Amino acid sequence: MENPQKLCRKFKDVSLEELRDKVAEFAKVRNWDQYHSPRNLLLALVGEVGELSEIFQWKGEVERGLPNWSNDDKKHLEEEISDVLLYLVQLADVCGLDLGQAALFKIVKNAQKYPLIE
């Protein structure tokens, strides 16, 4: 198996579509699609958010950039955030949604809902 660090360098600016395709292929070749209903993916996503939350649970306020965190702690955080992202991308795909477009639309909608106050 190829070194994950080396493999990641090949995909510096990865898109949501690339992630969607890679995670779909990963599940397909393992015959996991049969288990990936929207409900099951949502529950898996919630579980991963719980694991992500545990990392911050007893740390109090954390500075931007995590300057006081060890490299191991940052790597653990990176892995849990990635799990959340991948399940979210997969959930959107299984539901037939374009996550990127939906997110852009939501930003525009929020800008209208919360206009700048001058």
Side-chain angles (χ1 to χ4, degrees):
M1 185 169 153
E2 193 168 354
N3 178 332
Q5 295 286 340
K6 186 178 177 183
L7 180 63
C8 290
R9 287 189 203 109
K10 293 180 183 178
F11 302 105
K12 184 173 174 147
D13 293 324
V14 67
S15 69
L16 288 176
E17 290 79 17
E18 288 172 290
L19 289 175
R20 179 199 63 211
D21 293 347
K22 289 196 177 301
V23 77
E25 180 65 17
F26 184 89
K28 181 181 177 185
V29 299
R30 288 164 177 78
N31 198 28
W32 290 354
D33 286 338
Q34 60 185 322
Y35 309 112
H36 289 172
S37 67
R39 176 188 174 277
N40 288 348
L41 289 170
L42 175 61
L43 292 174
L45 173 62
V46 168
E48 293 299 338
V49 170
E51 290 181 26
L52 178 59
S53 298
E54 285 177 349
I55 296 171
F56 288 93
Q57 186 172 9
W58 304 114
K59 292 194 181 293
E61 285 302 317
V62 176
E63 292 181 51
R64 286 177 174 251
L66 312 175
N68 301 318
W69 286 34
S70 70
N71 287 336
D72 285 345
D73 286 343
K74 288 181 182 180
K75 187 66 178 166
H76 183 210
L77 176 62
E78 198 173 66
E79 290 176 2
E80 295 306 333
I81 287 176
S82 296
D83 286 340
V84 169
L85 174 63
L86 293 173
Y87 273 120
L88 185 62
V89 166
Q90 196 171 20
L91 176 60
D93 185 39
V94 166
C95 290
L97 306 175
D98 183 329
L99 184 57
Q101 286 300 312
L104 289 173
F105 177 78
K106 185 64 176 178
I107 291 169
V108 170
K109 188 174 178 179
N110 284 343
Q112 293 169 344
K113 185 176 180 180
Y114 304 104
L116 293 174
I117 299 173
E118 296 181 28

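Owing to the predicted nature of the structure, the values given are computational and were not obtained by experimental measurement.
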Side chain proximity check, Arg20 to Leu16, heavy atoms < 4.5 angstrom: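 No; the side chains remain at least 4.5 Å from each other.
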Residue pair Gln101 / Leu104, side-chain heavy-atom distance below 4.5 Å: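 In short, these two side chains touch, coming nearer than 4.5 Å.
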Which value, rounded to the nearest 0.5 Å, describes the distance between [X] atom [atom1] and [Y] atom [atom2]?
X	Y	atom1	atom2	answer
Lys75	Glu80	NZ	CD	12.0 Å
Leu41	Glu48	CG	CD	11.5 Å
Leu66	Lys74	CG	NZ	5.5 Å
Asp93	Leu99	CG	CG	10.0 Å
Glu79	Glu51	CD	CD	11.0 Å
Asp21	Lys28	CG	NZ	11.0 Å

With Asn68 via side chain to side chain contact (heavy atoms under 4.5 Å, CB included) - residues at least two apart: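 With neighbours one apart ignored, the set is Glu63.
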Partners meeting side chain to side chain contact (heavy atoms under 4.5 Å, CB included) with Leu42 (sequence neighbours left out): Leu45, Val46, Leu91
Please check if [X] and [Y] belong to a single hydrophobic cluster, counting links between Ile, Leu, Val, Met, Phe, Trp and Tyr side chain heavy atoms closer than 4.5 Å.
X	Y	result
Leu43	Val94	no
Val89	Val14	yes
Leu97	Leu85	no

Within residues 32-62 or reaching into it, pairs that qualify as ring-ring contact (aromatic ring centres under 6.0 Å, His included) - sequence neighbours excluded: Phe26-Trp32, Phe56-Trp69
Answer yes or no: are there more than 12 heavy-atom neighbours, outside [X] itself, under 6.0 Å from its atom [atom1]?
X	atom1	value
Lys59	NZ	yes
Arg39	CZ	no
Asn71	CG	no

Nearest heavy atoms of Leu19 and Leu86, plus distance in Å: CD2-CD2, 4.1 Å
